[in-house]
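The model shown is predicted, which means the values in this text are computed figures rather than measured ones.
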Amino acid sequence: MANTLTPYGQISEMTPMTGSSGTVVWHHLNIFAFFYTLAAESYAFFELMKWCVERADGGCLSLCLYTDEVVPRNKLRPDMGGKYQAVYFQVLGFPDFIRSRLPLRWFTFGYASCRELEEAGIGVGHLNRVVLNSWFGQHWNLKTTGVRLCNGTEVVHLHARYACSLQDERGHKFSFDVKGASGRNPCASCDNCIGRVDFFEDESGLAHVLSPCYAKFQARTEASAAATLELLARTSARGAKTQLDDIELATGIIFNKDGLLFDAAVMPYVSFPNCVYWDWMHNWCSSGGVGQYHLNQFVHQLTTTLGIELRDLDEFMAKVVEPKSSPRLPKRFFADRVVDGPTKHVRAFASEVLVAVHVLAMFVQLVLKPAGVLERHVECFEAMQALFAIFKRGRRVDIPAARELTRKHHILFLELYRDCAKPKLHYCMHVIDCWERHGVLLSCFGAESNHRFSSDIFEFSYKKPCSTALAFDIRRLFQSAVGEKSFEHTFLAGSIAIWKEKLLVEIDVVGRANIIASSTELVGMLGRYFKGDLVEWRAAADRRLGFCLCFFEMLLANGTKLWAAIIDELQHSGHGVWRHFQRVIVNVALFVEAVTFVQEDGFVRPLYVCL
């Protein structure tokens with residue numbers, strides 16, 4: 001597929017990149033040919049793009065770019081080994097269920113060897129500049145000329161713009177040539193943010209990076225950023241090195257003639273700093289994120305103040321039942337991963353942090369709150385727990401609540417764990433800003449899970465691993481685009497039993513439906529559910545809970561598909577305890593989420609979220 005010829009050229013193409021010390025020929029995706037061929041091959045993808053164009057502002061889609069450094073094979077090698085830069089992109093207008101599933105959530109643009117880039121003197125900003133030049137070139141331009149998508153006799157004219165780059169703080173630092181967390185101005189999104197000085201609160205017009213007074217920060221606008229970039233370029237042209245250093249120190253932006261922000265051809269399509277999308281996964285859950293510090297220090301308080309041992313928490317964890325779609329923590333997670341010290345963070349992956357928060361939230365609910373101990377620590381922890389629940393749902397209506405919870409957590413975190421406060425505490429504020437600005441809550445969870453495909457290729461391909469991995473990804477994406485289930489918002493998974501005999505079942509509100517298939521696993525709009533999961537659903541605005549026993553695919557009399565589940569419903573008997581009540585059939589469209597719980601002596605205690 002990679003060599004398929006289209007009116008826009010081949011699906012994969014080569015572009016020479018010249019750095020300060022050499023030239024690299026980069027094998028990457030031709031986005032015009034890719035979209036053209038994918039729409040021609042898959043009518044479902046064509047309909048999806050048509051749906052997105054009809055709903056986009058001015059018919060122009062928004063694209064998100066992602067760049068990350070990946071280390072395949074032996075990650076402990078002292079040299080670069082096969083380390084490479086992975087470049088993906090995503091259509092922000094895709095429905096949530098498409099953007100949250102593996103096949104089509106991120107499209108591969110290309111892979112570039114870090115060794116070759118370093119030898120040629122090419123940075124990440126230069127690499128991203130080449131990406132945008134290929135999108136908005138003189139011959140083909142996504143924003144002006146667009147792409148004609150054809151399927152049979154139907155035609156859709158697609159236009160797109162570069163909306164943002166989703167990366168961790170280090171990725172933004174190298175992509176946009178900013179000082180980053182170690183700079184005097186550590187924030188690319190603020191004009192008056194200052195770090196590397198003792199904490200202060202005053203009316204000087206400057207705001208310390210750790211300040212919870214969000215109103216004090218002046219957002220860097222496109223106009224103020226453009227003026228700063230022009231000043232840097234003009235100062236560099238005059239050769240005033242000392243003055244240039246002072247401007248870089250004050251603004252947090254570094255002049256780089258080969259960088260993305262100083263390319264005159266690309267800058268009209270880059271809305272800096274609004275294109276900087278702060279990732280909640282890295283700022284909260286990984287790479288020294290706020291949540292990692294919070295987890296470690298919260299457990300530290302339990303052990304030092306209440307005398308609880310780490311093995312006690314591990315024993316409690318064994319009783320907590322997580323949804324089957326969640327990762328499992330090691331049996332000695334708290335004993336092995338919690339680090340002793342008032343300035344340390346827990347050693348855990350991002351997905352493990354989310355599960356550990358559920359476990360400790362259950363401990364708070366069943367032990368700490370009834371005892372009335374560590375009230376301020378509990379309040380701070382519950383703010384983080386509620387915030388993660390909001391991130392999981394990703395609903396725009398929750399943005400005001402997320403902003404208030406972020407600020408509340410910020411204030412309490414400074415009060416309780418001041419020695420662990422880092423600039424990421426400030427970036428968490430911008431996570432909400434980015435969500436509100438772009439209308440979509442993005443995270444690197446999905447993008448980083450895509451690395452598994454290229455890493456597998458790099459395990460055996462040594463001669464041309466980058467172009468080989470790209471060819472494999474293109475083939476995988478085309479296979480997914482013609483797959484039956486890639487565009488279905490709900491479907492049965494696992495081992496599916498087809499029903500040959502008709503069985504009519506009455507479903508509330510929608511009426512009678514005929515069962516055509518059943519399974520113990522279902523993929524829905526909000527995630528994957530399994531037999532045995534405790535699920536929450538809403539009926540007449542009431543919270544209802546029950547255990548999934550089986551899932552059905554059904555047909556209504558008008559031919560419409562419907563998915564339902566047999567639920568062993570629970571009834572609330574008071575004091576947070578639920579017991580078995582009755583069996584019901586529930587429309588899966590009413591599901592809210594799978595719930596963490598503890599079960600003892602036939603009673604169930606589900607996890608509550610204080611929203």
Donor-acceptor contact present, side-chain [X] to main-chain [Y], <3.5 Å:
X      : Y      : answer
His208 : Leu210 : yes
Asp533 : Phe530 : yes
Asn128 : Ser165 : no
Asp568 : Phe547 : no
Glu536 : Phe591 : no
Gln292 : Gly289 : yes
Lys216 : Asp202 : yes
Gln365 : Ala361 : no
Gln297 : Gly341 : yes
Arg220 : Thr251 : yes

query: Passes side chain to side chain donor-acceptor pair (under 3.5 Å), His282 versus Tyr427? Steps please.
result: CA-CA 10 Å; His282 283 96; Tyr427 302 151; over 6 Å; no
May I ask you to check whether [X] and [Y] place their ring centers less than 6.0 Å from one another?
X      : Y      : answer
Phe597 : Tyr608 : no
Tyr417 : Tyr293 : no
Phe551 : Trp563 : no
His451 : Tyr88  : yes

Taking the six-membered ring for Trp, are [X] and [Y] parallel (under 30°), tilted (30 to 60°) or perpendicular (over 60°)?
X      : Y      : result
His489 : Phe97  : perpendicular
His426 : Phe217 : tilted
Trp435 : Phe391 : perpendicular
Phe388 : Trp284 : perpendicular
Trp280 : Phe445 : tilted

Ionic contact status for [Y] with [X], cut-off 4.0 Å:
X      : Y      : value
Arg393 : Glu593 : yes
Arg347 : Asp336 : no
Asp314 : Arg332 : no
Lys408 : Glu379 : yes
Glu521 : Lys531 : no
Lys369 : Glu375 : no
Arg395 : Asp398 : yes
Arg605 : Glu600 : no
Arg544 : Glu569 : yes

Would you mind reporting whether [Y] and [X] have side-chain heavy atoms less than 4.5 Å apart?
X      : Y      : answer
Gln167 : Ser175 : yes
Cys275 : Phe176 : yes
Arg328 : Glu322 : yes
Val357 : Leu295 : yes
Met281 : Ser286 : yes
Asp279 : Val431 : no
Glu352 : Val346 : no
Val338 : His300 : no

Closest approach of Val353 to Cys285 (non-hydrogen atoms, all atoms of both residues): CG2-O, 3.4 Å
field: Residue pair Phe316 / Val359: nearest heavy atoms and the distance that separates them
entry: CE2-O, 3.6 Å
Side-chain H-bond candidate by donor/acceptor type, [X] with [Y], under 3.5 Å:
X      : Y      : answer
Ser449 : Arg105 : yes
His172 : Tyr277 : no
Thr67  : Gln85  : no
Thr343 : Asp419 : no
Ser211 : Glu201 : yes
Ser62  : Arg161 : yes
Asp191 : Ser224 : yes
His409 : His294 : yes
Glu222 : Asn274 : yes

query: Can you tell me how far CG of Asp168 sits from CG of Asp68, rounded to the nearest 0.5 angstrom?
result: 6.5 Å
Is it true that atom [atom1] of [X] has more than 12 heavy atoms of other residues, nucleotides or ligands lying nearer than 6.0 Å?
X      : atom1 : answer
Arg196 : CZ    : no
Asp57  : CG    : no
Lys319 : NZ    : no
Asp340 : CG    : no
Arg170 : CZ    : no
Arg311 : CZ    : no

- prompt: Is there a side-chain contact (heavy atoms from CB on, under 4.5 Å) between Arg337 and Val299 once you walk through the steps?
  reply: CA-CA 11 Å; Arg337 304 292 190 85; Val299 173; over 6 Å; no
- request: Taking the six-membered ring of Phe199 (Phe, Tyr or Trp), confirm whether the NZ or CZ of Arg418 is under 6.0 Å from its centre and within 45° of its axis.
  value: yes
- prompt: Could you go step by step and tell me if Glu309 and Thr303 meet the side chain to side chain donor-acceptor pair (under 3.5 Å) rule?
  reply: CA-CA 6 Å; Glu309 296 187 7; Thr303 56; over 6 Å; no
message: What verdict does the salt bridge (charged side-chain N to carboxylate O under 4.0 Å, His left out) test give for Lys424 and Glu169, after you've listed the backbone C-alpha separation in whole Å, the side-chain angles of each residue and the deciding distance to 0.1 Å?
response: CA-CA 8 Å; Lys424 283 192 175 185; Glu169 182 272 334; over 6 Å; no
